[in-house]
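The block underneath contains the structure these notes are about, expressed in structure tokens.
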Amino acid sequence: MIEIIGLTKRYPKAKVNALEHVDLKIETGEFFGLLGPNGAGKTTLINVISTLLHPTEGEIRIDGELLTRSRIDIKRKLSLITQHNSLRNDMTLDEIMELQGRLYYMNMADIRSRSEELLDFCGLLEHRKKTVRKLSGGMKRKLMICRALLTSPEILILDEPTVGLDPASRRQIWDLTRAINRQGMTVILTTHYMDEAQQLCGRIAMINKGRVERLETPEAFIKELGEYAIDVFGEDGTVSSFFPTQQEALGFAGTQKNRVMLRATTLEDVFLNIVGRGLTDK
Ligand code: ADP
Ligand code: MG
């Protein structure tokens, strides 16, 4: 379990409070989403969880124990995949994995066997002798995931893992992170894509301006608005209305003169209709 208690992070030079009194509890085995617009504080939060940044106030506990930079044993439970590509272009996949293993004092036999297993799991095994520069964006992301898993962490943290990827690669990353979570690993994912959060996450913390504004399961968020959506296509654009039952939705649809469509409510609807009020990009 990860406990984030009264966490505040101030960047003194910029005079910005990137996080303000954040309290969160993430259970072991959860697929937890941090959803929020650019500048919300998502990266700051996971950088503090990964001990890359020191909190201004508050603390983090992993399985009850206080996380500090010197607690290498606790830090080893966590593995972070950063928002930006951190792979060297001139190294092969095998070399990337070997370097990572050596940094963590793994022996060569373990590095080889675990790398092979992971590269296979991520669909990269046939590319192992290629240099990173020859990989597509999606393959690079997958390699970063492989590298993060080499040391067998218990908690995998992914910071906006699908930004800039084509739709097929996005789906591959989704499948991969889902499979990792099903194997029992706790996964924390930051994203500003609502569809991604809805597809993957068991619970979602909507964060904005350094605060957790709402915390729910995607289903609960959607239920609150109404699970059935009717889009009415008017001359001035599309208007959506939301209903708790299909019957009510269809009843409303029957009263419309314009073309209508019944569909399932999405997290994006929730964001625009409940959470989005007053929640905007900086
Ligand atoms: P997100 O990942 O949700 O886009 P960040 O955590 O990167 O948000 O940023 C949160 C806030 O902190 C923003 O206002 C950003 O400008 C500011 N910030 C982030 N990193 C730094 C830094 N190193 N120095 C000063 N301000 C920063
Ligand atoms: Mg970020």
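Just so you know, these numbers use all the heavy atoms, side chains as well, and skip hydrogens, waters and symmetry mates. One-based numbering, in listed order, for ligands and for the atoms of each.
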With the side chain counted from C-beta on, respond yes when Arg71 and Ile62 share a heavy-atom pair under 4.5 Å apart, and no when they do not.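 The answer is no, as the side chains (C-beta and beyond) never meet within the 4.5 Å cut-off.
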
Would you say that Leu124 contacts Cys146 through its side chain, given a criterion of any heavy-atom pair below 4.5 Å between the two side chains?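 They are in contact (side-chain heavy atoms under 4.5 Å apart), so the answer is yes.
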
When you measure from the Mg ion (ligand 2) to the N, O or S atoms of Thr190, does any of those distances fall below 2.8 Å? no

Is the distance from the Mg ion (ligand 2) to the nearest N/O/S atom of Thr44 under 2.8 Å?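 Checking the Mg ion (ligand 2) against Thr44, no N, O or S atom falls under 2.8 Å.
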
[X]: numbered ligand 1 atoms lying under 4.0 Å from its heavy atoms:
{"X": "Ala40", "result": "1 (P), 3 (O), 8 (O)"}
{"X": "Thr43", "result": "1 (P), 2 (O), 6 (O), 7 (O)"}
{"X": "Asn38", "result": "4 (O)"}

Does ligand 1 come near enough to [X] that some N or O of the ligand is less than 3.5 Å from an N or O of the residue?
{"X": "Gly41", "result": "yes"}
{"X": "Glu160", "result": "no"}
{"X": "Lys42", "result": "yes"}
{"X": "Thr44", "result": "yes"}
{"X": "Ala18", "result": "no"}

Side-chain donor or acceptor of [X] paired with backbone N/O of [Y] under 3.5 Å:
{"X": "Lys209", "Y": "Asn17", "result": "no"}
{"X": "Thr92", "Y": "Glu95", "result": "yes"}
{"X": "Gln198", "Y": "Leu267", "result": "yes"}
{"X": "Thr28", "Y": "Met1", "result": "yes"}

Please verify whether a non-hydrogen atom of Gly36 lies at under 4.0 Å from ligand 1.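 Checking ligand 1 against Gly36, which is what was asked, there is no heavy-atom contact under 4.0 Å.
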
Looking at ligand 1, would Pro37 count as a contact under a 4.0 Å heavy-atom criterion? yes

Heavy atom under 4.0 Å from ligand 1: found in Ala14's side chain, backbone, both, or neither?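 For Ala14, only side-chain atoms sit under 4.0 Å from ligand 1.
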
Taking the basic N atoms (NZ, or NE/NH1/NH2) and the acidic carboxylate oxygens, is any pair closer than 4.0 Å for Asp90 and Arg133?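 The answer is no: the pair does not qualify as a salt bridge.
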
Flag the pair Arg112 and Glu116 as a salt bridge only when some basic side-chain nitrogen lies within less than 4.0 angstrom of an acidic carboxylate oxygen.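 No, no charged N to carboxylate O under 4.0 Å.
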
Row check, Tyr11 ring normal vs Lys9 NZ/CZ: under 6.0 Å, within 45°: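 Verdict for Tyr11: a cation-pi partner in Lys9.
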
